[in-house]
Amino acid sequence: MNGLAEAAGSFALTRWVSRKSRADFERWQAAALRRFLDRDLPRAPFYGMAPARLSDLPVTEKALLMARFEDFNIHHLTAAQAWAALAGEGRAGPLTVGASTGTSGNRGLFVISEAEKYRWLGAILAKAVPDLLWRGMRVAVILPQNTGLYDSARKSRLIRLAFFDLASGPESWRGALEAFEPTVIIAPPKMLRHFASEGFRLRPKRVFSAAETLDPVDVRL
């Protein structure tokens with residue numbers, strides 16, 4: 001598999017092909033949804049057959065997903081197997097295993113293939129930073145846990161990505177973050193607020209608030 005070709009294709013689809021106009025987008029969206037319901041969803045044992053409409057699917061919650069994790073993913077990976085993989089290198093054979101940051105106190109798992117990982121990268125770049133991509137980007141990700149999801153970005157010559165562990169505390173990596181001179185910062189709002197109030201020497205082109213709710217009190221700062 002050519003990962004960067006997957007990313008480029010996803011970038012083009014997200015940036016140009018599917019979004020010429022609202023009508024074009026809605027036609028593309030309807031066709032993509034129909035494809036998903038007919039072809040992809042039935043591969044998950046929990047569903048088993050293609051529904052006529054998205055609204056026909058049962059309403060689920062995270063507790064059910066985690067209890068029957070093997071029935072929701074087409075590789076039949078159990079939650080126990082996924083957690084074990086996550087405790088190691090975050091790999092289960094050809095699959096990448098990751099988890100949500102757990103800010104709600106209830107972490108959720110995800111499992112993705114290599115192709116999906118690169119498609120995710122292409123879509124994110126097209127939506128978030130298309131104007132910065134061609135100049136080269138230095139992306140600082142500041143979250144409680146690193147994940148193999150970001151490996152696809154590290155393999156691009158246009159992107160330098162550095163992960164800073166939120167659990168270690170900002171003073172332990174402040175110097176490294178400032179020396180990295182990120183053009184893009186992804187961090188929880190409380191950490192973005194800390195950077196501003198403590199006068200961190202940072203001049204990003206774009207900032208993304210992630211993992212937690214961005215409260216009105218933090219928006220202005």
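Just so it is clear, the values below take in all heavy atoms, side chains as well, and ignore hydrogens, waters and symmetry mates. Model, not experiment: these values are computed from the prediction.
Among the candidates Leu221, Val207, Ile142, the single residue satisfying the side chain to side chain contact (heavy atoms under 4.5 Å, CB included) test with Phe195 is Ile142. A side chain to side chain contact (heavy atoms under 4.5 Å, CB included) with Ile112 is found for exactly one of Val97, Asn73, Thr96, Leu95, namely Thr96.
Using cut-offs of 30° and 60° for the angle between ring planes, the Trp173 and Phe164 rings count as tilted.
Between Leu121 and Ile124 the shortest side-chain heavy-atom distance does not fall below 4.5 Å. Inter-residue side-chain proximity for Val184 and Pro204 is flagged as unmet; no heavy-atom pair is nearer than 4.5 Å. A heavy-atom distance below 4.5 Å is found between the side chains of Leu166 and Pro188.
In this structure a side-chain-to-backbone donor-acceptor pair under 3.5 Å is missing from Ser10 to Glu6. Side chain of Asp38 to backbone of Arg35: no donor-acceptor contact under 3.5 angstrom is found. A donor-acceptor pair is defined here as one N or O able to donate and one able to accept, closer than 3.5 Å; no such pair exists between the side chain of Glu178 and the backbone of Gly175. Proximity of a side-chain donor or acceptor of Thr14 to a complementary backbone N or O of Phe11 within less than 3.5 Å is not detected.
Atom CE of Met137 sits about 5.5 Å away from atom OG1 of Thr183, to the nearest 0.5 Å. Distance check: His194 NE2 to Arg174 CZ gives 7.0 Å after rounding to the nearest 0.5 Å. Residue Leu177 holds its CG atom at 6.0 Å from CD1 of Ile185, rounded to the nearest 0.5 Å. In this structure, CG in Leu192 is found 11.5 Å from CZ in Phe208, a value given to the nearest 0.5 Å.
Around the CZ atom of Arg34, the shell of radius 6.0 Å holds more than 12 heavy atoms that belong to other residues, nucleotides or ligands. Atom CD of Glu198 is surrounded by more than 12 heavy atoms from other residues, nucleotides or ligands within 6.0 Å.
Comment: Glu116 does not engage Arg119 in a salt bridge, judged by the lack of any side-chain N to carboxylate O separation of less than 4.0 angstrom.
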| Passes side chain to side chain contact (heavy atoms under 4.5 Å, CB included), Val141 versus Leu161? Steps please. | CA-CA 7 Å; Val141 178; Leu161 188 146; 4.2 Å; yes
| task | Test Glu181 against Arg138 for side chain to side chain contact (heavy atoms under 4.5 Å, CB included), laying out the working first. | result | CA-CA 7 Å; Glu181 296 182 327; Arg138 295 180 302 279; 4.0 Å; yes
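Scanning all heavy atoms of the two residues, the minimum distance from Ala82 to Leu109 falls at CB-CD1, 3.6 Å. Taking both residues in full, the closest heavy atoms of Phe69 and Leu77 are given as CD2-O, 3.2 Å, listed atom of the first, atom of the second, then distance.
With a 6.0 Å cutoff to the six-membered ring centre and a 45° limit on the axis angle, Arg68 does not count as a cation-pi contact of Phe46.
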